[in-house]
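Here is the structure we will look at.
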Amino acid sequence: MGTDALTQGLNAEQARAVVTLDGPLLILAGAGSGKTRVLTRRIAKLLERGTVGGGAFAPWLRPWNVLAVTFTNKAAEEMRRRVEELVGESARQVWVSTFHSTCVRVLRQDIEPLGWRRDFVIYDDDDQLRVIKAVLEELKINVKELAPNAVRGRIDRFKNGISAGEVLPRADPFPRILELYEARLKKANALDFNDLINKVVQLWTEQPAILARWQERWKYVMVDEYQDTNPAQYSFLKLLTAESRNLAVVGDDDQSIYRFRGADLRNILEFESDFPGAAVIKLEQNYRSKGNILKAAAGVVRNNKARKDKTLRTDAEDGEPVQLVLADDETAEADDVVNRMIRMRRPWSEYAVIYRTNAQSRQVEQALTRNRIPYTLVGGRKFYDRMEIKDILAYLRLVNNRDDDVALLRIVNVPTRGLGDKAIAGLKLEATTHGISLRAAARTLGGTAGRAGTGFATFTLLMDRLERAAELQPLPELVQYVAEESGYLAMLLADEDEEAKSRVENVNELVKSAAAALDEPDDDGNLVGPGPMALRHFLDRATLSGQSDELPGEGNGSVTLLTAHLAKGLEFPVVFVIGLVEKCFPHARAELEEDIEEERRLAYVAFTRARERLFVTAPRRRRSLDGWFDDTVLSRFIAEIPEAALAGFDRDHGNMPRARPGFGAGSLGGFGAGAARGTPALPPSRGSAPFSPSRFSPNAAPKPVVAPARANVRPPGLRTMVPDNLDRFTVGAEVLHPMLGTGTIQQRDGTPANPRLTIHFASGGPRTVYAVTASLELVIRP
DNA sequence: GGCCTAGCGATTTTT
DNA sequence: TCGCTAGGCC
Ligand SMILES: Nc1ncnc2c1ncn2[C@@H]1O[C@H](COP(=O)(O)OP(=O)(O)OP(=O)(O)O)[C@@H](O)[C@H]1O
């Protein structure tokens with residue numbers, strides 16, 4: 001691999017970045033300009049420089065002297081893959097990882113001076129919540145007065161240094177809560193996610209000798225998506241590279257989307273003054289997307305006021321315009337997306353569906369499942385968040401760390417051992433009085449008589465057995481042993497439920513994933529056998545990684561489903577960005593102008609993932625929190641797309657044509673007046689699929705399967721009319737609803753223009769609907 | 001102690 | 001709609 005090989009296929013600026021190996025370097029550039037490509041080549045270049053021949057490395061530059069950090073697991077995985085492609089085997093020894101994993105690596109080795117043991121556990125948000133609830137209980141604060149979730153948010157913001165300026169209640173209990181929270185974590189030998197970075201910064205600040213060792217190890221540091229660093233991460237980098245000054249960062253201020261967890265744009269904007277003498281390289285050529293996609297994305301992000309304008313051009317042709325697709329509701333939207341995939345006849349892996357919130361994946365998953373199309377759901381932490389998985393892991397955590405009170409409380413009575421609230425209260429009392437862990441208190445109480453005593457004795461003996469097993473058995477066997485010996489598996493097997501069966505499956509998956517964890521070498525490239533190291537490594541992985549690595553049905557032949565946040569840095573030939581309606585994207589919680597601008601950047605990120613084709617879709621109505629349908633308003637971001645780059649958009653009609661009473665909405669709901677004026681990009685997808693299944697594509701599903709049309713609720717022979725005036729919907733009137741059938745209006749409130757009706761339906765009970773949107777008809781009785 | 005249910009409240013993005 | 005909690009009942 002010669003010098004030329006690594007700069008081949010790069011433009012002049014990119015090549016310059018790849019060969020600028022020493023000193024601070026900032027690559028500031030727009031989406032798809034090859035930033036990540038440059039970073040991976042640069043890693044390869046460093047390895048090449050360190051090679052002295054015959055696969056050996058010079059002592060002053062070995063693969064493990066290189067550190068590359070990303071923000072998400074997905075991004076780390078992707079970068080690792082690319083580096084490995086370039087340099088092969090030795091890539092394994094380069095540390096390519098998230099900030100959080102990197103910090104765990106440091107703390108597992110050096111945390112002791114801070115007062116934690118090296119076998120510390122990481123508390124995820126669920127554990128955090130349990131601690132907070134316990135603290136609130138201790139302080140006799142009702143969870144109704146102060147939501148544990150709110151407390152967690154505040155703790156996180158506080159630890160991220162973004163709590164300044166928050167409006168504080170008088171007699172604020174927060175400082176006390178925080179104090180007790182921290183004490184509990186410390187006592188349990190635990191750290192939360194935020195601590196991981198903060199503690200490393202503290203450690204390195206207080207212990208120069210330890211810092212020096214890490215500086216010696218990581219002589220070359222690279223950061224992808226630098227615009228998303230928060231103050232703690234900034235300090236981490238600043239400390240680590242203080243001696244070597246070999247810090248290369250790449251980023252794009254338009255893609256800053258983690259303000260909510262403290263990301264500070266100033267980090268990237270002030271890089272040059274922070275690191276004097278920094279080389280600055282700007283990349284202005286986009287290699288990813290067709291012209292129209294780029295124009296659309298640029299047109300949107302241009303609306304941000306707090307923004308530095310930058311150049312981004314492409315040599316690619318315009319390609320198809322971005323296609324706007326409107327659908328009746330989220331189910332129809334998902335069906336539409338899937339139908340288009342089928343029609344395009346590309347390999348499934350070329351499609352990605354990108355959404356704002358995780359919950360939106362469900363409709364798409366269902367549509368894909370109906371059509372037997374394989375898909376991969378990225379993130380959402382689905383696997384390790386399952387109850388049964390967390391339970392088994394809690395046993396393992398308690399084996400790893402006897403002080404993990406949260407883990408103990410989770411499983412001490414699962415399966416039941418006759419230890420109810422009273423017994424647990426006694427256990428806590430015993431522990432507090434003697435200043436010992438719950439595990440130790442259980443042992444003491446195990447020596448007492450009575451039902452609780454027996455329960456604690458059983459539990460203690462069980463945990464002792466599990467601890468012994470942990471020393472002798474390899475990890476997968478240990479996991480299996482825990483599931484069996486604890487009675488957990490037996491409990492599941494005794495349950496006839498379908499759900500219990502799938503839980504058994506998941507426990508088996510966990511055993512497999514333990515085996516997979518063993519195959520992974522540890523930090524220093526050694527394979528680990530039985531004992532605490534393997535267990536810790538496994539537990540870290542479970543907490544830090546978004547998902548189990550290979551869930552069944554995965555592979556490269558599947559459609560990818562992910563949030564816009566997780567999509568950052570990735571690319572796909574065809575992208576569907578769904579749910580482009582106000583309150584969803586931009587999200588309802590984004591109120592301030594700054595928040596809206598971040599949403600806009602998020603849209604920019606989502607749009608720029610597409611290489612060839614971009615679809616933006618929106619449902620006309622959406623289920624709201626109380627389960628009823630709300631009409632939607634098309635996302636403002638759609639109107640910001642330049643006209644010439646967008647198809648399917650009718651600027652004159654407020655963009656969201658919908659049914660209105662008096663215009664003859666059909667009895668199956670669906671398209672109303674505006675649709676007749678030709679606005680929607682598509683015929684309604686429901687019911688009448690306008691194309692035939694492919695006979696050519698090996699990928700095509702036999703026939704698009706859409707969500708079943710709703711049952712026809714209209715009783716035969718019923719006479720109805722669509723009233724010309726909303727005033728006709730009076731209390732006592734009988735109406736026909738397209739989904740719920742006939743009913744009688746019980747109550748009318750809201751405004752005259754937008755009356756809200758409480759209707760008692762024959763099909764079951766009262767529902768509240770808006771007359772304007774419900775497509776109601778008046779029943780005429782002779 | 002353990003199970004069931006009525007009532008209530010929430011409601012992004014990630015590690 | 002969903003998930004959690006408090007409270008009631010066996
Ligand atoms: N000089 C080049 N010639 C051809 N293709 C290139 C060149 N540089 C990058 N590419 C391609 O352009 C695409 C985008 O590159 P990359 O993912 O590195 O961009 P990026 O700047 O990191 O994007 P983003 O900020 O959106 O994550 C990739 O498919 C990459 O292979």
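Model, not experiment: these values are computed from the prediction. Just so we're on the same page: letters track the sequence lines, and every chain starts at 1.
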Check ion pair D630(A)-K583(A) (N to O, under 4.0 angstrom): no
Short side-chain to backbone donor-acceptor contact, T229(A) and Y226(A), under 3.5 Å: yes
Residue closer to the 5' end of DNA chain B, A590(A) versus L419(A) (nearest nucleotide): L419(A)
Atom-to-atom span, NZ of K74(A) to C1' of dT13(B) - whole angstrom: 17 Å
Sugar-phosphate only, base, or nothing, as touched by Y258(A) at under 4.0 Å among non-hydrogen atoms: sugar-phosphate
P-based separation of dC4(C) from dT13(B) [nearest Å]: 16 Å
Closest nucleotide among dT15(B), dT5(C), dT11(B) to the H100(A) side chain: dT15(B)
Ring centroids of F260(A) and dT13(B) base under 5.5 Å with planes under 30°: yes
Nearest to side-chain heavy atoms of R261(A), which nucleotide of dT5(C), dT15(B), dT12(B): dT15(B)
Touch class at under 4.0 angstrom, heavy-atom based, for A423(A) against every strand present: sugar-phosphate
Atom-to-atom span, CD of Q233(A) to P of dT14(B) - whole angstrom: 15 Å
Minimum-distance nucleotide to K133(A) side chain [options: dT15(B), dC4(C), dC2(C)]: dC4(C)
Nucleotide nearest T72(A) (side chain, heavy atoms from C-beta), chosen from dT13(B), dG1(B), dT14(B): dT14(B)
dC4(C) phosphate, OP1 or OP2, under 4.0 Å from N149(A) side-chain N/O: no
Ion pair D328(A)/R620(A), N-O distance below 4.0 Å: yes
E330(A) bridged to R362(A) by N-O distance under 4.0 Å: no
Side-chain N or O of N73(A) closer than 4.0 Å to phosphate OP1/OP2 of dT15(B): yes
Distance-only donor-acceptor test (3.5 Å): side chain R623(A), base dT1(C): no
Integer-rounded Å distance: dT13(B) C1' and R600(A) CZ: 17 Å
Touch class at under 4.0 angstrom, heavy-atom based, for K583(A) against every strand present: nothing
Minimum-distance nucleotide to H565(A) side chain [options: dT15(B), dG1(B), dT14(B)]: dT14(B)
Phosphate OP1/OP2 of dG2(B): any N413(A) side-chain N/O under 4.0 Å: yes
Interatomic distance, R152(A) CZ vs dC4(C) P [rounded to whole Å]: 12 Å
Member of D224(A), I257(A), T70(A) meeting the side chain to side chain contact (heavy atoms under 4.5 Å, CB included) criterion with K568(A): I257(A)
For atom CZ of R356(A) and atom C1' of dT13(B), their distance in whole Å: 5 Å
Y258(A) and H565(A) aromatic centres sub-6.0 Å: yes
Integer-rounded Å distance: dT15(B) P and K159(A) NZ: 18 Å
For L185(A) against D192(A), the heavy-atom pair lying closest together: CD2-N, 3.7 Å
K199(A) NZ - dT15(B) C1' separation (whole Å): 17 Å
Side-chain heavy-atom pair V151(A), L178(A) within 4.5 angstrom cut-off: no
Nucleotide pairing, DNA chain B (Watson-Crick or G-U, distances under 3.5 Å), in dot-bracket with [ ] and |: ||||||||||.....
Closest-nucleotide ordering on DNA chain B, the 5'-leading residue of E598(A) and A147(A): A147(A)
Residue-phosphate contact under 4.0 Å: T416(A) side-chain N/O, dG1(B) OP1/OP2: no
Carboxylate-amine/guanidinium contact D228(A) R261(A), below 4.0 Å: no
Gap between atoms CG and P, on D385(A) and dG3(C) respectively (whole Å): 13 Å
